[in-house]
Amino acid sequence: INEFDDIYKGLYSLLFNKPCDTESKREYVKNLFLPIMFGLQPGTIVKEHGLTYSDAEEIHAKIRTVFKTAWDFLDSKQGSSAVDFFGRPRSFDKPWVVRGFLVQATSAIVCQEKLVDLREIKQSRLLYSVHDGYFLVANQENLSSVILEGVKLLQKESKMCQGLKLRVACSVGRNLTQMKKIPIPKEVNGSR
């Protein structure tokens, strides 16, 4: 994961031996990778993504191999019940659903923690959040300080998941259709 500035672009080139040079390729591999990690099988990959069965098996096997530690962890937890990182128990009708629960329940808490942190920025107003995306509004004269403070808050080690630091992507624009990505150098953005 640390090899790539963007995990999904890196994963695309790793799986398909081609550069990930468009946003649609990045989205494609993201929509393939996460479901596979959460239990999607080759037969369903064929139906949902139009791949041949052998290509679906190859991608599935490559993801299991490259992300062996994560895969083995999720595999070992698969069953009819689980307890998330924060001790919250849950039961499941379908054993593979545990895989998504273990990751998503914990990440939702971290996203909420960061949402609360962002409210500390005085010169901005939090409009809304979607999963791990936060939308703030600020005056032009406060924009630079809001961006710097926001990035620092989001990159700060999680209070609830010690050792967890997030990489951050940031875009700015007058409205959602005119957003421009602000480059954040890898050395500033951390390696986790």
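Here, residue 1 is the first one in the sequence, and each next residue gets the next number.
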Heavy-atom neighbours of Arg88 CZ exceed 12 at 6.0 Å: yes

More than 12 heavy atoms from other groups under 6.0 Å of NZ on Lys152: no

Please examine the side chains of [Y] and [X], heavy atoms only from C-beta on, and report whether any two atoms are closer than 4.5 Å.
| X | Y | value |
| --- | --- | --- |
| Tyr12 | Lys30 | no |
| Val66 | Trp71 | no |
| Val116 | Glu113 | no |
| Leu136 | Arg125 | no |
| Leu32 | His49 | yes |
| Leu166 | Gln155 | no |
| Phe85 | Val103 | no |
| Ser80 | Pro95 | no |

Indicate yes or no for a side-chain donor-acceptor contact from [X] to the backbone of [Y] under 3.5 Å, with no hydrogens or angles considered.
| X | Y | answer |
| --- | --- | --- |
| Lys62 | Leu14 | yes |
| Arg26 | Cys20 | no |
| Asn139 | Asn142 | no |
| Arg90 | Val98 | no |
| Thr44 | Leu40 | no |
| Asn31 | Glu27 | yes |
| Gln41 | Gly39 | yes |
| Glu157 | Gly163 | yes |
| Lys77 | Ala82 | no |

Steps toward side chain to side chain contact (heavy atoms under 4.5 Å, CB included) verdict (Met37, Arg99): CA-CA 8 Å; Met37 289 301 289; Arg99 302 170 76 91; 5.5 Å; no

Electrostatic pair Asp72-Arg64, nearest N-O below 4.0 angstrom: no

Lys/Arg-Asp/Glu bridge criterion (N-O < 4.0 Å) met for Asp117, Lys159: yes

Set of side-chain contact (heavy atoms from CB on, under 4.5 Å) partners for Tyr53, sequence neighbours left out: Pro42, Val46, Glu57

For Leu102 against Asp84, the heavy-atom pair lying closest together: CD2-CA, 4.3 Å

Shortest non-hydrogen contact between Phe101 and Val83, atoms and distance: CE2-C, 4.2 Å

Residue pairs fulfilling ring pair (Phe, Tyr, Trp, His ring centres under 6.0 Å) with at least one residue in residues 127-146, sequence neighbours excluded: Tyr128-Phe135

Check: Asp55/Thr52 side-chain N/O donor and acceptor closer than 3.5 Å: yes

